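FYI, side chains are in, hydrogens and waters are out, and symmetry mates aren't considered; it's all heavy atoms of this structure. Quick caveat: nothing in here was measured; it's all calculated off a predicted structure. The chains referred to below are lettered A, B, ... by the order of the sequence lines, with proteins before strands, and numbering in each begins at 1.
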2 protein chains.
Amino acid sequence: MNTPFSIIIADDHSMFLDGLTSILAEEKSINIILTAKTGTQVLKYLRINTDEKIDLVITDINMPEMDGVELNAAIKAEFPKIKTLVVSMLEDAKKIKILTEANANGYISKNAEKAELLKAIKSILEGQNYFSPRIKQILMEAMFSAKSEPEISLSKRETEVLKLIAQEFTTQEIADQLFLSKHTIESYRKNLISKLGVRNLAGLTRYAVEKGMLE
Amino acid sequence: MNTPFSIIIADDHSMFLDGLTSILAEEKSINIILTAKTGTQVLKYLRINTDEKIDLVITDINMPEMDGVELNAAIKAEFPKIKTLVVSMLEDAKKIKILTEANANGYISKNAEKAELLKAIKSILEGQNYFSPRIKQILMEAMFSAKSEPEISLSKRETEVLKLIAQEFTTQEIADQLFLSKHTIESYRKNLISKLGVRNLAGLTRYAVEKGMLE
DNA sequence: CTCAATATCACGGTTTTCCGTGAAAACAAA
DNA sequence: TTTGTTTTCACGGAAAACCGTGATATTGAG
């Protein structure tokens, strides 16, 4: 018999953490070394116990302090030998894309059955990545739809001005705050309006609010 | 020894369901009769197997088809003897309030530890309701903060005009659409601005978006 | 019925936004 | 180093929003 695999689990919801632990405790080939509620806790552990061989980190995406995406990136940068499996509530195309680009070894949804979870873990521990058909499909769709979206990107200043505009400041007030000419701010207004494809202040404000740009 | 308690668990996330099942399987005094992914499944089961004695239904709030709040209400209406324990991701004051008013027997967050879950289940099965101190506190705060909010109410027309304003229509355009004078729309603008305590179009738009007035 | 809230309309004046058109300097990427 | 993006500034005119200060008619609740 081989030595059991060592894994770490990170999820901010205790109950889910306990549940996962309980499921995996039944597996003789798996040793749960640590359960954590934030990405930082996991990283801290890995940095201190460098001699301990960890095979896999299972992580949620949504966590306080350091989320699963960041944690995955950090692990891949500092401990490239450690495999990662991301488990998430939502099937977020963008995050999945980022994760695949950051070499995560697997991604499954919390909608997945216990059987699929075990299958994913086994695949990854054997050296194969695991992305369910459903996830692959979402990824593909995101690729195509991404092309239809012209991907509006705003510069730092543009973002800064837009925020202030949406916060009910007038052109003059913004100019004063940023120590710029009011003509400059007017330029930004115009650019933003054409760039974002809106008609007026209402459109600008709506964009800012919907993109969550205001605190 | 008493006969074990019969419980049903409902949660749309398989993995959580499996986890919970795994945790509770360790308890000899608990028999898991059914696990379901929607509230309707649970209700259907209860209606068919009326002879089977169910002690407790553990349910998530966020589920497709029929959520935990509705499920709780339905159970309390049709099967008042069955106890309910609601488990939720978020600590939503409004929903907690509704649930307590609908006589749910307990509410715990998924942030809760396994120990608290077991404590809640035991309390409820022994006939006592269980709401954690944290939940009680949130409930209290909601009560007070509800009173402090002056509750701005807009008339039908005001709402209608505000929606159009936030959708980038000008005063003249709105007047044309509603077959009103532009002066009338200007009056509404003024009233809305003072009523909502904002400075300009940006504030109006922000209010509309944040209140979810625009589909 | 009465009173308050709602809905409608009006005008003149000020401020702000919107539009077109242009351009120079700084900076980063190729 | 050339090229593209970002940041900065300028002017004039048109359009729209904002402000104050009204008024009248309808309507719904008490």
Tell me which of B/R199 and B/S187 sits closer to the 5' end of DNA chain C, going by the nucleotide each one is nearest to.
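That would be B/S187.
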5' priority, DNA chain C, between B/S181 and B/N200 [closest heavy atom]:
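Mapping each residue to its closest nucleotide by heavy atoms, the 5'-most match is B/S181.
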Just how far, in rounded Å, is [atom2] of [N] from [atom1] of [X]?
| X | N | atom1 | atom2 | value |
| --- | --- | --- | --- | --- |
| B/K156 | D/dT27 | NZ | C1' | 13 Å |
| B/L204 | D/dA17 | CG | P | 11 Å |
| A/L178 | D/dC9 | CG | C1' | 15 Å |
| B/L196 | D/dC18 | CG | P | 12 Å |
| A/Q172 | D/dC18 | CD | P | 17 Å |
| B/H183 | D/dT21 | NE2 | P | 18 Å |
| A/E168 | D/dA17 | CD | P | 16 Å |
| A/K182 | D/dC11 | NZ | P | 10 Å |

Can a donor-acceptor pair be found, under 3.5 Å and without considering hydrogens, that links the side chain of A/Q41 to the backbone of A/A36?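 Checked: no pair found.
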Exercise for the section: For the pair B/K76 (side chain) and B/I82 (backbone), establish whether a donor and an acceptor sit closer than 3.5 Å, ignoring hydrogens and angles. Expected result: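 Looks like yes, one N/O pair under 3.5 Å.
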| What residue among A/L24, A/I124, A/T84 forms side-chain contact (heavy atoms from CB on, under 4.5 Å) with A/I58? |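 Passing option: A/L24.
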Bend angle of the helix from C/dC1-D/dG30 to C/dA30-D/dT1 from five-pair axes at both ends, rounded to 10°?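 Computed from the C1' atoms at both ends, the axes differ by 70°.
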Applying a 4.0 Å non-hydrogen cut-off, can you work out what [X] is touching in the nucleic acid: base, sugar-phosphate, or nothing?
| X | value |
| --- | --- |
| A/K190 | base |
| B/E186 | base |
| B/T184 | base |

Check [X] against [Y] and note the closest heavy-atom contact, atom names and distance.
| X | Y | value |
| --- | --- | --- |
| B/R206 | A/T205 | N-CG2, 3.8 Å |
| B/M15 | A/I23 | O-CD1, 4.2 Å |
| B/S88 | B/D60 | CA-OD1, 3.9 Å |

Q.
Counting only side-chain heavy atoms from C-beta out, which of D/dT7, D/dA16, D/dC18 sits nearest to A/E158?
A.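 Selected nucleotide (nearest to the side chain): D/dT7.
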To the side chain of B/R189, which of D/dC11, D/dT6, D/dC18 is closest?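 Closest nucleotide among those given: D/dC18.
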N or O in side chain of A/Y188 less than 4.0 angstrom from D/dT6 OP1/OP2:
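Result: no.
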_Residue among B/E186, B/K182, B/R189 satisfying side-chain hydrogen bond (donor to acceptor under 3.5 Å, both in side chains) with B/T171_ =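 Looking at B/E186, B/K182, B/R189, the match for B/T171 under the side-chain hydrogen bond (donor to acceptor under 3.5 Å, both in side chains) is B/R189.
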Looking only at side-chain N and O atoms, does [Y] offer a donor or acceptor that is under 3.5 Å from a partner on [X]?
| X | Y | result |
| --- | --- | --- |
| A/E160 | A/Y188 | no |
| A/S109 | A/R134 | no |
| A/S14 | A/K37 | yes |

task: Identify the 5'-most and 3'-most nucleotides of DNA chain C with at least one atom closer than 4.0 Å to a non-hydrogen atom of chain B.
output: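 Reading along DNA chain C, I get C/dT6 to C/dC11.
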